[in-house]
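A short write-up of the structure that comes next.
On a predicted model such as this, the values are computed, not experimentally measured, just so you know. FYI, side chains are in, hydrogens and waters are out, and symmetry mates aren't considered; it's all heavy atoms of this structure. Lettering of chains follows the sequences in order, A, B, ..., and the numbering in each one begins at 1.
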Number of protein chains: 2
Amino acid sequence: MANIKDVAERAGVSVATVSRVLNGRSPVAETRERVLAAVQELGYRPNNVARALRTARTGALGLIISDLTNPFFTELADAVEDEARSLGYSLVIGNAGERPAQQDDYIRTLLDRRIDGLLVSSAGTGSAMLREVVASGTPLVLLDRSVPGIDAPCVRADGRAALTELAGRLAALGRRRPAIIVAPAGTPTGEERLALFRAALAAHGLALPDERVGSTPDLQHTGGRRVMSAFLDLPEPPDAVLATDNLMALGAMDELRARGLRVPDDVALVVYDDVPWFTHTDPPLTAIAQPTRELGRAAVHTLLARIEGRPADSVLLPAHLVPRRSCGEPPTP
Amino acid sequence: MANIKDVAERAGVSVATVSRVLNGRSPVAETRERVLAAVQELGYRPNNVARALRTARTGALGLIISDLTNPFFTELADAVEDEARSLGYSLVIGNAGERPAQQDDYIRTLLDRRIDGLLVSSAGTGSAMLREVVASGTPLVLLDRSVPGIDAPCVRADGRAALTELAGRLAALGRRRPAIIVAPAGTPTGEERLALFRAALAAHGLALPDERVGSTPDLQHTGGRRVMSAFLDLPEPPDAVLATDNLMALGAMDELRARGLRVPDDVALVVYDDVPWFTHTDPPLTAIAQPTRELGRAAVHTLLARIEGRPADSVLLPAHLVPRRSCGEPPTP
DNA sequence: CCTCCCCAAGAAATCGATTACACCTCCGAT
DNA sequence: ATCGGAGGTGTAATCGATTTCTTGGGGAGG
């Protein structure tokens, strides 16, 4: 592949001039033409590796995503990618697969590659490596999940309004025994969702006792199913369940189906995170929709602010409730 | 951040020695210890950008995916990422969003970043840039979708057996008027699926006339819905439809539902690509499952073979049929 | 005791760009 | 006429690693 020296020779100028022309520094028509012609003829493309070494800017952002196969995170990644690209950055995606060790491994790799900034939707609570990121001076923004003790802005959704509305509807529909499936204590996101839901229910005179708070470290299908099974074995099983993740919700639904129970007749089901195909499930699922694409965009902007040394605060965007049949609503058209 | 010079000074050796120790070249116990100690104390990490410049190897692979929000490609990307990582490469993902222009843009960026190799699940037929990739000497492997005129190995699934089985079942279930929703003529994948399905049906005495071949350039939800609508307006509407993409299938299902038709009673529906939540749709969807993860793995291995100068052939892995209720099977447990 | 060889380690070139600095030329002002 | 400034261009330093070439010291063999 042709390099800048070849171009310089062909155009009869020095490499400095070529560089200047290409970076739009000193455009003297005549010289400029010759250089651009040479670039054309040789099909020259600047080597980004060399450029990055010299300028200490790679033009790449890193994104650590907790689980790429989870549709919520997929859409998030897609939005981040879009926004980064439109701002001239490319994106290196690392999929933690909900495994803290793998996440650390990936962060390490990204730091070694000298990405300009890092977005992390953290798996678990392992923050040792995140502390290193901060120490290394690499701009960091947390996404969707905050991590205590890490000094970095966090971009995420606020479920308060949606949960308040949900509690009201459940109460109005006559549900008396709500339950929640949530990430284990110690995960900030999980604790927050639990607290907000509980408070919202209390406002309508509904209690959320500990026996109807089910948690599982396995934030997947099987975890959701196991928790639902435990719920149904209670002397007074719940008549409305909020699953704080879409995969767990599917597991829960499997368990209900396996026991011959019907949604929403026997148990209402509500899911955190809306996904396009929720309209196609049986029954269509009521969801708490996070503003996914906006979160992605905001995260990129916040990160860029940090990269450029501008001040950057945390961002909180409102989630909203999307009522469908699974919580006892009339079918949507 | 500490660099190799700092380490050298601290250990009282030259940079060359540090480099050798770190790359396991000259292991003299005593010197080695001192260097490693210095590395520890300074928290030194080699700068991959500098290393890449010198060695002309970045240790990164590129993956162009036609649509990241399509669950099939998500799983594919996940598998590729896993495999690449386990082999010491990191992955830069570019999402073409089914737009050829964006795809070209991304390929350009990846080439400029001097990735070691490129995997492309191509959007559309635009192959001008792919030709450039080949010309640039960057190892290239096509994934899922072959591109005529591009001299690169292609890793994809073979639907013959699955389609043959499907045709047999449809015939046995008494379906007489099969139809297919497919990518427009000119896309190799679409044409192949059409030809295979038609041949398989013919073996059971079923015809697939052109009026029951619906295509749409929009490989998404709306495209699928439009085609299904046209089918249903035929004097003799189909009684079994194969959608060659999962998003198009959802669109088709929406149209059926909107018209008050029932699956599979009125129309049987079969989908290309299996997705975890197909068991949760109403009704559960019969699918032709591609060996997604194996495809991803194979693609990485094929690419690595090319990178290392070993010969690499195209790979064809068998897809298989997963019968569920939407094509008239008994409910699966 | 001298020579030769081998091996470890240092010095310096190199990868391909950007950029500080020096130089040269041309022009206008004093 | 001379000086100063400005603008364009070339020379060379630089980024941080790897790698080639060179050097020096120690051990073995004569």
Roughly how many Å is it from [atom1] in [X] to [atom2] in [N], rounded to a whole number?
X       : N      : atom1 : atom2 : value
B/Lys5  : C/dA11 : NZ    : C1'   : 13 Å
B/Arg51 : D/dC15 : CZ    : P     : 19 Å
B/Ile4  : D/dG16 : CD1   : C1'   : 8 Å
A/Leu42 : C/dG16 : CG    : P     : 14 Å
B/Asn48 : D/dC15 : CG    : C1'   : 15 Å
B/Arg57 : C/dT14 : CZ    : P     : 23 Å
B/Glu9  : C/dG10 : CD    : P     : 13 Å
A/Glu30 : D/dG8  : CD    : P     : 13 Å

Tell me if a side-chain donor or acceptor on [X] pairs with a main-chain N or O of [Y] at a distance below 3.5 Å.
X        : Y        : answer
A/Asp104 : A/Ile107 : no
A/Arg156 : A/Arg145 : no
B/Asp105 : B/Ala101 : no

Are there any protein N/O atoms within less than 3.5 Å of an N/O atom in nucleotides 22-27 of chain C, and if so, which ones and at what distance?
none

Given that A/Gly12 and B/Leu53 both sit by DNA chain D, which one's nearest nucleotide is further toward the 5' end?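 It is A/Gly12 whose nearest nucleotide is closer to the 5' end.
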Whether A/Asn47 contacts C/dG16 is assessed here as follows: a side-chain N or O lying under 4.0 Å from the phosphate OP1 or OP2. Is that the case?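 So the side chain of A/Asn47 is outside the cut-off, no N or O lying under 4.0 Å from OP1 or OP2 of C/dG16.
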I'd like to know if the side chain of [X] pairs up with that of [Y] as donor and acceptor (distance under 3.5 Å, no hydrogens or angles considered).
X        : Y        : value
A/Asp116 : A/Thr58  : yes
B/Asn70  : B/Asp273 : no
B/Ser136 : B/Thr138 : yes
A/Asp82  : B/Asn95  : no
B/Thr109 : A/Ser90  : no

Looking at every non-hydrogen atom in both residues, tell me the closest pair between A/Arg10 and A/Ala38 and how far apart they are.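 A/Arg10 and A/Ala38 have their closest heavy atoms at CG-CB, 3.8 Å.
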Shortest side-chain distance from A/Ser14, nucleotide among C/dA9, D/dT11, D/dA17: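 Taking heavy atoms from C-beta onward, the closest nucleotide is D/dT11.
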Would you classify B/Val49 as touching base, sugar-phosphate or nothing, given that sugar-phosphate means primed atoms plus P, OP1 and OP2, and contacts are heavy atoms under 4.0 Å?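 Answer is nothing: B/Val49 stays at 4.0 Å or more from every strand.
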Mind listing the N/O atom pairs, protein and nucleotides 19-22 of chain D, below 3.5 Å?
unit_1	atom_1	unit_2	atom_2	d
D/dT19	OP2	B/Arg25	NH2	3.1

